[in-house]
Amino acid sequence: MSDDKELDHEYDGIRESDNDLPNWWLNIFYVSIVFSIGYMIYYHWGGNGPGQMDNYNKVMAQVAENSTQTPQSYSFTEDELAEAQKSETQVSEGKKIYDIRCIACHGAGGAGGIGPNLVDSYWLHGGKPTQIANIISEGVLDKGMVAWKALLSKKEIIAVTTYVRSIYGTNPANPKAPQGNKE
Ligand code: HEC
């Protein structure tokens, strides 16, 4: 370049220049300084930016939520079940699962068969939403009810619970006689 400022030393034909840094380079440098201040405020100095642990916990929560591996146990709250119950999609997702996994023992529409009917107000293990979700999750192994936590994610168990609750009071064909206690 013609405006090269040359330092006055030379070694074997090699010379050293002393030029200003190009503006495009400096601008990137200044912008990165400004950016880093915002970054520090957001992520380090009490801003709301999620830290590594927050991200880690978020991912782990997602994994737990979607995992179909056998967990120790799922736990269900009345609130999350009540919230899910409001959703048509959850109920129809639940019906899909029911028609694949449960229908063989509990009959079409919950009429019952090998397993008890799921449409009346008599329950062997309790008819509260959390009780239903828990029995689906934990099963009754010595009576032939599968512990579905081994095969279904928590989400899927919540969905199928909403379906079971949605068929309460309906009249499927050939219902099995009531079993358990009236609730
Ligand atoms: C292999 C047969 C079988 C399959 C498949 C099955 N169940 Fe059951 N289920 C049973 C039996 C048997 C019982 C009764 C357990 C007892 O006598 O304590 C039962 C009980 C239940 C109960 C408790 C009923 C009550 O009166 O308290 C619910 C809820 C239930 N099952 C839901 C489901 C759902 C949802 C599925 C599908 C994800 C499913 N079951 C799949 C056999 C089955």
Side-chain angles (χ1 to χ4, degrees), residues 42-43 46-183:
Y42 188 61
Y43 286 104
N48 301 319
Q52 281 185 347
M53 279 318 286
D54 295 331
N55 281 328
Y56 173 82
N57 290 334
K58 203 166 120 202
V59 170
M60 290 310 281
Q62 272 169 4
V63 169
E65 180 124 314
N66 295 322
S67 169
T68 50
Q69 286 188 329
T70 312
Q72 289 297 304
S73 267
Y74 296 128
S75 65
F76 304 94
T77 65
E78 292 295 346
D79 285 350
E80 69 186 332
L81 293 173
E83 193 54 40
Q85 198 66 41
K86 293 182 203 150
S87 150
E88 289 292 326
T89 15
Q90 296 259 22
V91 176
S92 65
E93 284 302 309
K95 178 171 169 29
K96 282 186 211 153
I97 297 166
Y98 182 91
D99 288 347
I100 295 167
R101 308 275 192 173
C102 324
I103 204 165
C105 294
H106 289 283
I114 296 165
N117 89 58
L118 299 174
V119 294
D120 64 14
S121 24
Y122 292 82
W123 295 94
L124 291 163
H125 300 281
K128 284 208 307 208
T130 47
Q131 290 174 314
I132 296 172
N134 277 322
I135 209 74
I136 295 170
S137 182
E138 301 297 320
V140 190
L141 293 181
D142 52 345
K143 297 282 171 53
M145 167 66 180
V146 182
W148 290 99
K149 67 181 181 183
L151 295 161
L152 298 176
S153 67
K154 182 181 175 188
K155 255 186 180 159
E156 291 171 313
I157 292 182
I158 290 178
V160 81
T161 301
T162 66
Y163 173 69
V164 168
R165 292 183 63 209
S166 76
I167 58 178
Y168 170 77
T170 57
N171 292 304
N174 307 316
K176 196 180 181 188
Q179 288 167 273
N181 303 315
K182 191 169 168 60
E183 302 206 2

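Order of appearance sets the numbers: ligands from 1, and atoms from 1 within every ligand. Worth saying up front: this structure is predicted, and the values here are computed from it rather than measured.
Proximity of I136 to ligand 1, defined as any heavy-atom pair under 4.0 Å, is confined to the side chain (atoms from C-beta onward). With a 4.0 Å heavy-atom cut-off, ligand 1 is reached by the backbone of W123 and by its side chain too. Counting heavy atoms closer than 4.0 Å to ligand 1, residue T161 contributes nothing at all.
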Which is it for D99 and K95 under the salt bridge (Lys or Arg N to Asp or Glu O under 4.0 Å) test, yes or no, and what are the steps along the way? CA-CA 6 Å; D99 288 347; K95 178 171 169 29; 2.7 Å; yes
Working note: M145 + H106, criterion side chain to side chain contact (heavy atoms under 4.5 Å, CB included); need CA distance, chi angles, decisive distance, verdict. CA-CA 10 Å; M145 167 66 180; H106 289 283; 4.1 Å; yes
Assess whether side chain to side chain contact (heavy atoms under 4.5 Å, CB included) is satisfied between K154 and E80, documenting all intermediate values. CA-CA 11 Å; K154 182 181 175 188; E80 69 186 332; 3.2 Å; yes
Test log, rule side chain to side chain contact (heavy atoms under 4.5 Å, CB included), inputs W123 and Q131: CA-CA 10 Å; W123 295 94; Q131 290 174 314; over 6 Å; no
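Taking atom 3 (C) of ligand 1 as the reference point, the nearest protein heavy-atom neighbour is C105 SG, 2.7 Å. Among all protein heavy atoms, the one lying closest to atom 34 (C) of ligand 1 is C102 SG, 3.4 Å. Looking only at heavy atoms of the protein, atom 22 (C) of ligand 1 is closest to I135 CG2, 3.7 Å.
In this structure, P116 counts as a contact residue of ligand 1, since one of its heavy atoms falls inside 4.0 Å of the ligand. Residue contacts with ligand 1: G144 is included, with a non-hydrogen atom under 4.0 Å away.
S137 places no side-chain N or O within donor-acceptor distance of the main-chain N or O of N134, the cut-off being under 3.5 Å. Checked by atom type and distance alone, the side chain of N55 never pairs as donor or acceptor with a backbone atom of Q52 at under 3.5 Å. With K176 contributing its side chain and G113 its backbone, the two residues share a donor-acceptor pair below 3.5 Å.
Residue V146 has no nitrogen or oxygen atom sitting less than 3.5 Å from a nitrogen or oxygen atom of ligand 1, judged on distance alone. Between H125 and ligand 1, an N or O atom pair is found at a separation short of 3.5 Å.
Close contacts between ligand 1 and V140 involve ligand atoms 15 (C), 18 (O) [criterion: under 4.0 Å to a heavy atom]. Listed by number with element, the atoms of ligand 1 under 4.0 angstrom from any heavy atom of I114 are 12 (C).
Considering atom 8 (Fe) of ligand 1 as centre, the angle to SD of M145 and to NE2 of H106 is 180° (10° rounding).
By heavy-atom distance, the residue among Q179, E156, K143 lying nearest atom 15 (C) of ligand 1 is K143.
Note that the CG atom of D120 and the CD atom of E183 stand 10.5 Å from one another [nearest 0.5 Å].
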